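This report refers to the structure that appears directly beneath it.
Here the structure is a predicted model, which means the values were calculated and not measured.
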Amino acid sequence: MAAIAEVHPRIIKRREVEVRTGLPRSTMYDRIKRGDFPAPIPLGARSVGWLEHEIDAWLADRVAQARNRA
């Protein structure tokens, strides 16, 4: 599936990223600055989006980390 996502990437907007991750905007941008969250892609003068497969991978990594701690 990742190969398909890389060939035909889907860009999702900030609100969807917030809903899917449960993170507020300020936390997302703090983590981006630290290098702990995928960086957005500029779409226009005042618009950004994230590659869906990068957000999916970040979420999967968080789940794996949580499972390994238990």
Under 3.5 Å, which donor-acceptor pairs do the side chains of residues 21-30 form with other protein atoms, sequence neighbours left out?
residue: Thr21; atom: OG1; partner: Val17; partner atom: O; Å: 2.8
residue: Thr21; atom: OG1; partner: Leu23; partner atom: N; Å: 3.2

* Share the residues that join Val19 in a hydrophobic cluster, the rule being Ile, Leu, Val, Met, Phe, Trp or Tyr side chains under 4.5 Å apart at the heavy-atom level. =>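 When side chains under 4.5 Å apart are linked, Val19 ends up in no cluster with other residues.
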
* Quick one: list whatever passes side-chain hydrogen bond (donor to acceptor under 3.5 Å, both in side chains) with Ser47, sequence neighbours left out. =>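 Once residues adjacent in sequence are excluded, the partners of Ser47 under the side-chain hydrogen bond (donor to acceptor under 3.5 Å, both in side chains) criterion are Lys13.
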
* Considering residues at least two apart in sequence or located in another chain, which fulfil the side-chain hydrogen bond (donor to acceptor under 3.5 Å, both in side chains) criterion with Glu18? ->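 Glu18 satisfies side-chain hydrogen bond (donor to acceptor under 3.5 Å, both in side chains) with Arg14 once adjacent residues are dropped.
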
* To do: Check the hydrophobic clustering (I, L, V, M, F, W, Y; side-chain heavy atoms under 4.5 Å; chains of links allowed) and say if Leu51 and Leu59 are grouped together.
  =>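 No; tracing contacts between hydrophobic side chains, which count when under 4.5 Å, never links both residues.
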
* same_hphob_cluster(Val48, Ile32) at 4.5 Å side-chain heavy-atom cutoff ->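 Yes, Val48 and Ile32 fall within the same hydrophobic cluster.
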
* Any pair with a residue in residues 44-53 that passes salt bridge (charged side-chain N to carboxylate O under 4.0 Å, His left out), sequence neighbours left out, goes on the list, sorted by first then second residue, please. =>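 As it turns out, the salt bridge (charged side-chain N to carboxylate O under 4.0 Å, His left out) pairs with a partner in residues 44-53, which skip direct neighbours, are Arg10-Glu52, Arg20-Glu52.
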
* Asked: So, Asp61 side chain and Ala57 main chain: donor-acceptor pair closer than 3.5 Å or not?
  ->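 Looks like no, no N/O pair under 3.5 Å.
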
For a quick test of your reading: what N or O donor-acceptor pairs under 3.5 Å do the side chains of residues 35-44 make, sequence neighbours left out?
residue: Asp36; atom: OD2; partner: Arg34; partner atom: NE; Å: 3.0
residue: Asp36; atom: OD2; partner: Arg34; partner atom: NH2; Å: 3.3

* **Ile12 CD1 to Glu54 CD distance, which is reported to the nearest 0.5 Å** =>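 Output value for this atom pair is 10.0 Å.
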
